[in-house]
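Reviewing the structure listed below.
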Protein chains: 2
Amino acid sequence: MSETAQAKPRKKRLSSTERRAEFITKAIEFFAEEGFESSTRDLAKHLGVTQPLLYRYFPSKNDLIKEVYQTVYLNRWREEWDILLCDRERPLRERLQTFYEAYTDAIFTREWMRIFLFSGLKGVEINRWYVGLVNERILNRILTEYRFENGDSSDRQATPEELELAWVMHGGIFYYGIRKHIYESPVLADKSRMISDALDVFLMGIGETGSAFKD
Amino acid sequence: MSETAQAKPRKKRLSSTERRAEFITKAIEFFAEEGFESSTRDLAKHLGVTQPLLYRYFPSKNDLIKEVYQTVYLNRWREEWDILLCDRERPLRERLQTFYEAYTDAIFTREWMRIFLFSGLKGVEINRWYVGLVNERILNRILTEYRFENGDSSDRQATPEELELAWVMHGGIFYYGIRKHIYESPVLADKSRMISDALDVFLMGIGETGSAFKD
DNA sequence: TGGCTTATTTATCGATTGAAAAATAACTCG
DNA sequence: CGAGTTATTTTTCAATCGATAAATAAGCCA
């Protein structure tokens, strides 16, 4: 107080590439919390720089948002999962457990969940891209593998009813992430246990009831 | 074109109460599409009136939004559902089918779904209110009724694991609404069939596997 | 050290925001 | 018809928005 305190914090100059990367990383945090409609000034405050500096690195707010999307969504999918899900050396039940634990580790983060729903409500094409990914790379594979493991060697496509039922299982697991990161509601701490029970019920359920596959 | 067309549309004067009700109804449509960050001018345009007129009926934009919340969320829950779920004259499976068809009829609308997620992301208290409602009035009841119907007459509470499994079932059904109205992705047209299969799998699954209730 | 580059800030613009005040016009009732 | 009430519009304001231009200062290399 009595000292002539230098109020101004020292200004570090970062290299162009460092700064850019830092902006995107922190913009993800910021937009995940405040939504994409928040101002570039508040974003700059969160970054500890002035607002016009953003425009040295991104031509417009929308371009920055696009980079945020890309960084958040890109490369979340591990190519090993493609192999894992189709690896008939291992029992399907075990494959699914391993997959869903890894998959939910990847997407059950506050940033991913919130940005996914923010962008979904804004009508970005991410909706259909995600649905397509889940359909092709997860659910249809699960149904194919299930038929194979249970002796149905026909190459038939999954029926819409079967696919829907797989969606209910997948959605139930996904909804755990929504409850935790969007609703911020307490959930069962043991995520692996939740997945295990969900898979048990799904596999037992479609095995024991004819309903799911009736006409 | 050649006629001296009266560009100005006639201005009807509505009574105070009529106008207010109309504003809220159309504000629900508008905010459900555009989000709550959209301007009051655009809202007024959608209403066919001038922007300052809004401020005769609502002291601020936030007050209007609150009324939108109330109108959308209030009285969606039918008291008859409380009775239905606990009606031990009917088999549980049948009760659940009837309930979920009616419940999803009530909330699987574009307005409800989108406003629910918009407000949820904004950190309104609706999150916890909804989770509490589902916990108390739906899931815990289902688990109690299930135990009763299967001869477990103890008055014990549901374990966290059991509750979580019920959440997965409920979330799976709820996710159908998200896919349809948020992702705008094609879903199985037969909603009753989706519910039926989801319930079959859930009830068969927890009946046939010990996993859900192990430990 | 001195000159050059460039990251960063200061200052500012026009458009849009929520909101208030004043002016107008439609309706009611005598 | 005519005065009073009130729903609605016109006008306007201060704050904030995304974005640009000019000024400044930190770092680099001779």
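Chain letters run A, B, ... following the sequence lines, proteins first, then strands; residues in each count from 1.
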Expressed as a whole number of angstroms, how long is the span from A:Asp42:CG to D:dG18:C1'? 13 Å
For A:Phe99, run the side-chain contact (heavy atoms from CB on, under 4.5 Å) check against A:Leu199, A:Leu84, A:Ile142 and tell me which one passes. A:Leu84
Gap between atoms CG and C1', on A:Leu47 and C:dT9 respectively (whole Å): 15 Å
Check the angle between the aromatic planes of A:Phe118 and A:Phe36 and answer parallel, tilted or perpendicular using the 30° and 60° thresholds. perpendicular
Base, sugar-phosphate, or nothing for B:Phe58, non-hydrogen atoms under 4.0 angstrom? nothing
Indicate, with yes or no, if the rings of A:Tyr130 and A:Phe174 have centres closer together than 6.0 Å. yes
Report yes if some heavy atom in the side chain of A:Glu125 is under 4.5 Å from a heavy atom in the side chain of A:Arg128; otherwise report no. no
Does OP1 or OP2 of C:dA21 have a side-chain N or O of B:Tyr55 closer than 4.0 Å? no
C:dA19, D:dA19, C:dT9: which one has an atom nearest the side-chain heavy atoms of A:Leu53? C:dT9
Phosphate OP1/OP2 of C:dA19: any B:Arg41 side-chain N/O under 4.0 Å: no
Report yes if at least one side-chain N or O of A:Thr40 is closer than 4.0 Å to OP1 or OP2 of D:dG18; otherwise report no. yes
Nearest to the side chain of A:Thr50 - D:dA7, C:dT8, D:dT20? C:dT8
Rounded to whole Å, CZ of B:Phe36 lies from P of C:dG18 at a distance of 14 Å
Taking CZ from B:Phe31 and C1' from C:dG18, how many angstroms apart are they, rounded to a whole number? 12 Å
Atom CG of B:Leu54 and atom P of C:dA20 are separated, to the nearest Å, by 13 Å
Looking only at D:dT8, C:dA19, D:dA19, the nucleotide nearest the A:Lys61 side chain is D:dA19
Send over the distance from A:Gln51 CD to D:dA21 P, rounded to a whole Å. 14 Å
Which angle, rounded to 10°, do you find between the first-five-pair axis and the last-five-pair axis of the helix from C:dT1-D:dA30 to C:dG30-D:dC1? 0°
Can you list the steps and then say if A:Glu22 with A:Arg19 is a salt bridge (charged side-chain N to carboxylate O under 4.0 Å, His left out)? CA-CA 5 Å; A:Glu22 189 200 12; A:Arg19 195 52 109 184; 2.8 Å; yes
Is the A:Tyr103 ring parallel, tilted or perpendicular to the A:His170 ring (thresholds 30°, 60°)? tilted
What one should report as the nearest heavy-atom pair of A:Arg88 and A:Arg95 is CA-NH2, 3.9 Å
Whole angstrom value for the distance that separates P of C:dT8 from CZ of A:Arg20: 14 Å
Per A:Arg19 side chain, nearest of listed nucleotides C:dT8, D:dC17, D:dT8: C:dT8
Output the rounded distance in Å from CZ (B:Phe23) to C1' (D:dA7). 10 Å
